[in-house]
Amino acid sequence: MAANGVTEPYILAVDVGTTSLKCQVYNQKAEIVGKCSEKVQKIFPQRGYVEIEPDILWEQFTAIVKSCIEDSKLSPDQITAMGISTNRATFITWNKETGKPYHNFISWNDTRAANYCEGINGSVSLKFLRVGAKMIHTVNRGRRWEAASSFAFSTQHVILRLAWILENVPGLREDVNDGKVLFGCLDTWLVWKLTKGTIHATDLSNISATGLYDLFIGNWNNIHMSYLRIPNHILPEIRDTSDDYGCCEKDIFGAAIPIRGLIADQTAAIFGQCCFDEGDIKVSMGTGTFLSVNTHKPCVPGQGCWPLVAWRIGDDQMCTLECNDSDTCGVIDWGINMGFYKDVIETESIAKSVEDSGGVCFVPSFSGLQAPYENNTACCSFMGLTPATTPAHMVRAIMESVAFRVRQLHDVLEERSKVKLKSVLKFDGGVSNNNFILNLISRLLQKDIDRPSNLDMSLLGAAFMAGLSAGVWKTKDELKALRKTQKLITPENQHEEDQEMLEDWGRAVQRSLSWYAIGD
């Protein structure tokens, strides 16, 4: 209870990431008053398969929300609203009558459909679609047809993996034809579960990352959906990012908590970082490294860069261009498993214990290489090992590879976006705690780096969205005052060997491409 007798509002935010589930409760000053986290339990049935069991995820989700409320010393009925952030392209299908899933969640970094993807991209029929789009573009010069004229599917597209699932899960296609099936990414399924099947909905930031939505016309991507035999009737309703998604059933948490915001994790981080202006750029370094620039309007995709809707709040719709590397946390965790270091913080002192990597190059591609290569069959590798190589050289090479990938992603994003990028990069995510990596990135790009006091920007962004919808905060200017900088890193002068290091690493990358390609 506030001093004036008015009940103080509290916003609960949940972030369902690739590696962790996190929950935080915020007061009106955006201060954390309660928190809880837990590792997401993933399974890997075979190479390229990355899944999550829905029953286990539901148990984890409800458990961390309850634990977080308990940690905040609040009662469930004191929570004003809930906001949910999720990794976007992890999806599931389920029977709308029984609620039973047809398969586990298929994670965004699952590459089981890689060969199917290559076959579709190389098919004569898709080539005809591209040629047709190019002909239309020569007449009307529209961005939509320019994008379609060079479009290629990626395994990170839900639309592609969903098409594969529909053809490979026994009985699923038949139930789709009978109208029994619902589709959803994590956000949609969670809302459906929390409201006990009364709400089947998503927001634009989530659905625009699936390939099922056409940003240029603001509607379903019926051309590709028809091509891949995906019907509209399985898809969720699209609502605003900051909107009413019903209430949690009271028996789940002990109160009917209103769900007032759904947002994709990367755009939640953009919103939490207050990147509200064109050219603002944020870098999230967690499970993967994601670079996003505010472009205001949709850009033409290419080289692994994808235009997305960041959010829609009434008439305020903002677009971004995004590219990513999938393996940031994965390679760092691998180093822990190999015994090179105990945690990401220790890597800093180890990397600094040697002057350089001793000519060792590391290619961070356990899940292939994304932008600008779009090569699903690249292999992870060390190159340049000699009898003089020490574990410290290898650790430094791993850390340098993370920075080199950010430099690559930044350059391709700048080229594709056609907007002037700001001189300050806003970083978040657990790997952003590593000063060695951030200092190297700052030096390579000759740009300032702003690291916030709260690195869980996806959570803060989800809280901001729910709080705006619930009336806790009124404007985006009000939110800017709530975001705090923990450290500002300014660039050192570039070293003479920087360009040589990048070129050597680039040669190592080239040797790793298509390692697992069939027939090569």
Side-chain angles (χ1 to χ4, degrees), residues 86 88-103 105-106 108 113 116-117 120 123 125-126 128-129 132-133 136 142 144-145 147-148 151 153-193 195 197-241 243-246 262 264 298 301 306-309 312 317 319:
T86 55
R88 300 160 301 193
T90 298
F91 75 92
I92 195 168
T93 60
W94 67 97
N95 187 295
K96 65 181 179 182
E97 297 171 359
T98 66
K100 185 177 179 180
Y102 290 93
H103 51 85
F105 277 102
I106 310 300
W108 65 272
Y116 177 70
C117 180
I120 292 289
S123 66
S125 55
L126 189 62
F128 275 126
L129 285 178
I136 295 173
R144 182 192 186 204
W145 300 109
F151 179 83
F153 288 105
S154 162
T155 57
Q156 290 192 2
H157 285 137
V158 168
I159 190 173
L160 191 284
R161 283 177 288 126
L162 176 58
W164 188 94
I165 285 291
L166 291 178
E167 300 305 324
N168 287 277
V169 173
L172 179 53
R173 173 64 72 181
E174 290 76 12
D175 280 4
V176 166
N177 294 339
D178 290 340
K180 297 179 180 179
V181 177
L182 293 179
F183 156 86
C185 291
L186 283 163
D187 62 310
T188 299
W189 184 80
L190 285 169
V191 167
W192 192 84
K193 291 280 287 184
T195 61
T198 61
I199 305 291
H200 181 226
T202 187
D203 95 298
L204 270 180
S205 71
N206 279 288
I207 205 67
S208 71
T210 62
L212 293 161
Y213 188 83
D214 189 331
L215 278 67
F216 297 98
I217 62 172
N219 210 330
W220 296 113
N221 181 0
N222 287 316
I223 293 176
H224 287 154
M225 285 169 57
S226 176
Y227 179 76
L228 294 173
R229 299 178 62 224
I230 297 174
N232 289 64
H233 64 76
I234 68 173
L235 304 176
E237 173 194 354
I238 300 174
R239 300 185 181 183
D240 279 3
T241 310
D243 208 334
D244 184 353
Y245 287 88
L262 292 187
W306 301 101
L308 302 166
V309 176
R312 185 180 70 189
Q317 179 170 311
C319 291

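No experiment lies behind these values; they were computed from the predicted model shown.
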Asks: Is a side-chain N or O of K193 found less than 3.5 angstrom from the main chain of G99, in a donor-acceptor match?
Replies: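 Looks like no, no N/O pair under 3.5 Å.
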Asks: For residues S205 and V309, determine if any side-chain heavy atom of one lies less than 4.5 Å from a side-chain heavy atom of the other.
Replies: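 SC-SC contact between S205 and V309 ruled out.
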Asks: Measure across P301 and W306 and return the closest heavy-atom pair with its distance rounded to 0.1 Å.
Replies: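 That would be CB-CE3, 3.7 Å.
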Asks: Do I207 and I238 have side-chain heavy atoms sitting under 4.5 Å apart?
Replies: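 SC-SC contact between I207 and I238 confirmed.
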Asks: Please identify each residue that fulfils side-chain hydrogen bond (donor to acceptor under 3.5 Å, both in side chains) with N221, with sequence neighbours left out.
Replies: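 If we apply the side-chain hydrogen bond (donor to acceptor under 3.5 Å, both in side chains) test to N221, skipping adjacent residues, the hits are H224.
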Asks: Taking the side chain as everything from C-beta on, heavy atoms only, tell me whether P307 gets closer than 4.5 Å to C319.
Replies: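 In short, these two side chains do not touch, never coming nearer than 4.5 Å.
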Asks: Just jot down the side-chain contact (heavy atoms from CB on, under 4.5 Å) partners of N232, sequence neighbours excluded, or say none.
Replies: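 Expected list: W220, N222, M225.
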Asks: What is the minimum heavy-atom distance between A264 and R88, and which atoms define it?
Replies: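 That would be CB-CG, 2.9 Å.
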Asks: To the nearest 0.5 Å, tell me how far I106 CD1 sits from T155 OG1.
Replies: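 The distance works out to 12.5 Å.
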Asks: Nearest 0.5 Å please: distance from the CG atom of D187 over to the OG1 atom of T202.
Replies: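 Spacing of CG (D187) from OG1 (T202) equals 3.5 Å.
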Asks: How many angstroms lie between CG in L215 and OG in S208, if you round to the nearest 0.5 Å?
Replies: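 Rounded to the nearest 0.5 Å, the CG-OG separation comes to 5.5 Å.
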Asks: Does some side-chain heavy atom of T210 sit less than 4.5 Å from a side-chain heavy atom of C185?
Replies: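 SC-SC contact between C185 and T210 confirmed.
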Asks: Could you walk me through whether T241 and D203 satisfy the side-chain contact (heavy atoms from CB on, under 4.5 Å) test, starting with their C-alpha distance in whole Å, then the side-chain angles of each, then the deciding distance to 0.1 Å, before giving a yes or no?
Replies: CA-CA 5 Å; T241 310; D203 95 298; 2.8 Å; yes
Asks: Compare every heavy atom of T198 with every heavy atom of T195, then report the nearest pair and how far apart it is.
Replies: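 In this case the closest contact between T195 and T198 is O-OG1, 3.0 Å.
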Asks: In chain order, what residues pass the side-chain contact (heavy atoms from CB on, under 4.5 Å) check against A113, with sequence neighbours excluded?
Replies: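 Per chain and number, A113 pairs via side-chain contact (heavy atoms from CB on, under 4.5 Å) with Y116, L160, R161, W164.
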Asks: With salt bridge (charged side-chain N to carboxylate O under 4.0 Å, His left out) as the rule and sequence neighbours excluded, what pairs involving residues 164-185 come up?
Replies: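 Listed by first then second residue: E167-R173, E167-R229.
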Asks: List for me each residue that meets salt bridge (Lys or Arg N to Asp or Glu O under 4.0 Å) alongside E97, sequence neighbours excluded, and say none if there are none.
Replies: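 Partners of E97 under the salt bridge (Lys or Arg N to Asp or Glu O under 4.0 Å) test: none.
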Asks: List the residues meeting side-chain hydrogen bond (donor to acceptor under 3.5 Å, both in side chains) with N168, not counting sequence neighbours, and say none if there are none.
Replies: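 N168 satisfies side-chain hydrogen bond (donor to acceptor under 3.5 Å, both in side chains) with no other residue.
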Asks: Are any non-hydrogen side-chain atoms of Q156 and W108 less than 4.5 angstrom apart?
Replies: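 Heavy-atom side-chain distance check passes, below 4.5 Å.
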Asks: Is it true that T93 and H103 share a donor-acceptor pair across their side chains at a distance under 3.5 Å?
Replies: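 Side chains of H103 and T93: pair found under 3.5 Å.
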Asks: With no hydrogens and no angle check, is any side-chain donor or acceptor of Y245 less than 3.5 Å from a backbone partner on A201?
Replies: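 No, Y245 side chain to A201 backbone: no donor-acceptor pair under 3.5 Å.
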Asks: Does F105 have any ring pair (Phe, Tyr, Trp, His ring centres under 6.0 Å) partners at least two apart in sequence or in another chain, and if so, which?
Replies: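 Once residues adjacent in sequence are excluded, the partners of F105 under the ring pair (Phe, Tyr, Trp, His ring centres under 6.0 Å) criterion are W189.
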Asks: What I'd like to find out is whether the side chain of V181 reaches to under 4.5 Å of the side chain of Y102, using heavy atoms alone.
Replies: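 Answer yes - side chains close enough.
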Asks: Please list, chain by chain and in numerical order, all residues satisfying salt bridge (Lys or Arg N to Asp or Glu O under 4.0 Å) with E237, sequence neighbours excluded.
Replies: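 Applying salt bridge (Lys or Arg N to Asp or Glu O under 4.0 Å) to E237 gives R239.
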Asks: Is L228 close to I120 at the side-chain level, that is, under 4.5 Å between some pair of heavy atoms?
Replies: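 A side-chain contact under 4.5 Å exists here.
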Asks: Using the side-chain hydrogen bond (donor to acceptor under 3.5 Å, both in side chains) criterion, which residues pair with S125? Sequence neighbours excluded.
Replies: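 If we apply the side-chain hydrogen bond (donor to acceptor under 3.5 Å, both in side chains) test to S125, skipping adjacent residues, the hits are S123, Y227.
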Asks: Nearest 0.5 Å, please: how far is CG in L186 from CG in L262?
Replies: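 One gets 11.0 Å once the value is rounded to the nearest 0.5 Å.
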Asks: Report yes if the side chains of L166 and V176 come closer than 4.5 Å at any heavy-atom pair, otherwise no.
Replies: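 Yes; the side chains approach each other to less than 4.5 Å.
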Asks: How would you list, by chain and number, every residue that makes a salt bridge (Lys or Arg N to Asp or Glu O under 4.0 Å) with D240, sequence neighbours excluded?
Replies: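 For D240, the residues satisfying salt bridge (Lys or Arg N to Asp or Glu O under 4.0 Å) (neighbours in sequence not counted) are R312.
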Asks: Under the rule for salt bridge (Lys or Arg N to Asp or Glu O under 4.0 Å), what residues qualify as partners of D214, not counting sequence neighbours?
Replies: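 Salt bridge (Lys or Arg N to Asp or Glu O under 4.0 Å) list for D214, sorted by chain: R144.
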Asks: Check the pair F183, I92 against side-chain contact (heavy atoms from CB on, under 4.5 Å), reporting the backbone distance first and the verdict last.
Replies: CA-CA 6 Å; F183 156 86; I92 195 168; over 6 Å; no
Asks: Report the residues that fulfil side-chain hydrogen bond (donor to acceptor under 3.5 Å, both in side chains) with T86, sequence neighbours left out, ordered by chain and then residue number.
Replies: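 If we apply the side-chain hydrogen bond (donor to acceptor under 3.5 Å, both in side chains) test to T86, skipping adjacent residues, the hits are N206.
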Asks: Rounded to the nearest 0.5 Å, how far apart are CG of L235 and CD1 of I230?
Replies: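 If I round to the nearest 0.5 Å, the distance is 8.0 Å.
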